[in-house]
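What follows is one structure encoded as structure tokens, with my remarks underneath.
Order of the sequence lines sets the chain letters (A, B, ...), proteins ahead of strands, with each chain counted from 1.
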Amino acid sequence: MPELPEVESTVRGLSPLIVGRKIIDVWSDAPKLIKNGTFEGLKKSITGKKILSVSRRAKNILIRLEGDDLLLIHLKMTGHLMVNKWNLPDKKEKPVPLGDGALTEKVNGYIHVIFILDDGRMLALSDLRKFAKVTFGKEQEVIRKEKIDKIGPEATDITLSELKDIFKDSKKGVKMVLLDQDRIAGIGNIYSDDILWKAKVHPLRPVNSLSDKEIKDIHQATRDILSLAISLGGTSISDYRDVSGERGGYGDRRLVYRRDGEPCKRCKTPIKRIKVGSRSARFCPECQKI
DNA sequence: TGCAGTGTTGCTTC
DNA sequence: CGAAGCAACACTGC
């Protein structure tokens, strides 16, 4: 799922459902997702603790608990968080959904961690590819270890001068820089493609060659696209769902992402795809000249 | 059938 | 230091 708008939608959906609740147990069939320490350690550390807040930094979900403890979840490629009720199996069977409709999709087959709450509901982490990451510990320790304090300004509120500063001293291609969480937080492949199309900038343009106007356009496009995507609840091109299982609305509105070969929405030229690093970038060869 | 491609990140290698 | 390649994993679509 996971770029800023999807993670933000998840956090907003999650807060009213789980803040104030106490975690009374944890279930997992994939302890490898717990990156620091063991499943038993996680269980011991968080059971009995009340959830104080849920927030987001870049694409990380931060769940603050009583006693200065922090539970950090990164959804990586295909993780989702959901709140519902499941019948928990003892051994290798999958959890069986007991709650309402939206979650009875295939996604239930990929639930790997479940936090059981004191009101009978549960918070589940589902992840087809098992790339997601769960970390826990004392707040400051987790923040330091996961380098949360090294992350750049949030893409939604970065200022124009901060962006100019970031672009100043690098010959890197602009797409690579937009994807670099230590410089700008929250942008991934979908939104970087759309931002650059909207700003009419080629993904491989070295950032130190961008004009003031181009930087201003990238800055504006970033704000516009991310706030639109947040207001639509993110993108569900593949399998992202919000915490109650609903799809996001940005997928239908996307500009160039995964539109290779389709006509550019401005000039009708077919959208092109190239490799940037080891990922795909889509752009209009006419509107976005190198 | 087989292989390239998929929203992320971080590690290794040069 | 930077850039590139790949690994973690499982599925879809050509």
Gap in Å between the two P atoms, one belonging to C/dG5 and one to B/dA4, rounded: 15 Å
Rounded distance (Å) that lies between atom C1' of B/dC11 and atom CZ of A/Phe131: 14 Å
C1' spacing across the pair B/dG7 / C/dG2, given as an integer number of angstrom: 25 Å
Phosphate-side-chain proximity, A/Lys172 and C/dG2, N/O vs OP1/OP2 below 4.0 Å: no
Separation between the P atoms of C/dC6 and B/dC3, rounded to whole Å: 16 Å
Rounded interatomic separation in angstrom, taking CZ from A/Arg279 and P from C/dA4: 14 Å
Under-4.0 Å side-chain N/O to phosphate OP1/OP2 contact, A/Arg282 with B/dT6: yes
For atom NZ of A/Lys35 and atom P of B/dT9, their distance in whole Å: 14 Å
Non-hydrogen side-chain atoms of A/Thr235 and A/Tyr191 separated by less than 4.5 Å: yes
Presence of A/Lys32 side-chain N/O under 4.0 Å of C/dC9 phosphate oxygens OP1/OP2: yes
Side-chain heavy atoms of A/Met176 within contact of A/Ser170, under 4.5 Å: no
Atom-to-atom span, CG of A/Asp169 to P of C/dG2 - whole angstrom: 11 Å
SB check A/Glu214 A/Lys200 (cutoff 4.0 Å): no
Phosphate-side-chain proximity, A/Ser280 and B/dT6, N/O vs OP1/OP2 below 4.0 Å: yes
Nearest-nucleotide comparison on DNA chain C, the residue closer to the 5′ end among A/Ser278 and A/Ser170: A/Ser170
Closest-nucleotide 5' rank along DNA chain B - winner of A/Lys59 and A/Lys147: A/Lys59
Spacing of A/Tyr257 atom OH relative to B/dT8 atom C1', expressed in whole Å: 12 Å
Verdict with supporting geometry, A/Met82 and A/Ile111, side chain to side chain contact (heavy atoms under 4.5 Å, CB included): CA-CA 9 Å; A/Met82 307 177 288; A/Ile111 289 174; 3.7 Å; yes
Under 4.0 angstrom between A/Tyr110 side-chain N/O and C/dC11 OP1 or OP2: yes
Closest listed nucleotide, where the reference is the side chain of A/Gln181 and the choices are C/dC6, B/dT9, B/dT6: B/dT9
Sugar-phosphate, base or nothing in reach of A/Lys275, heavy atoms under 4.0 Å: sugar-phosphate
Sidechain N-carboxylate O distance under 4.0 Å for A/Asp29, A/Lys94: yes
Complementary nucleotide for C/dC9 - Watson-Crick or wobble, under 3.5 Å: none
Spacing between A/Arg57 atom CZ and B/dT8 atom C1', to the nearest angstrom: 17 Å
Short side-chain N/O contact to C/dA10 OP1/OP2 from A/Lys130, under 4.0 Å: yes
Rounded interatomic separation in angstrom, taking CZ from A/Arg273 and P from C/dC14: 12 Å
Atom-to-atom span, CG of A/Leu179 to C1' of B/dG10 - whole angstrom: 15 Å
Among B/dG5, C/dC9, C/dC11, the nucleotide that comes nearest once only the side chain of A/Leu128 is considered: C/dC11
Residue pair A/Lys175 / A/Leu179, side-chain heavy-atom distance below 4.5 Å: yes
Short side-chain N/O contact from A/His74 to OP1 or OP2 of B/dT8, under 4.0 Å: no
B/dT6 phosphate, OP1 or OP2, under 4.0 Å from A/Arg129 side-chain N/O: no
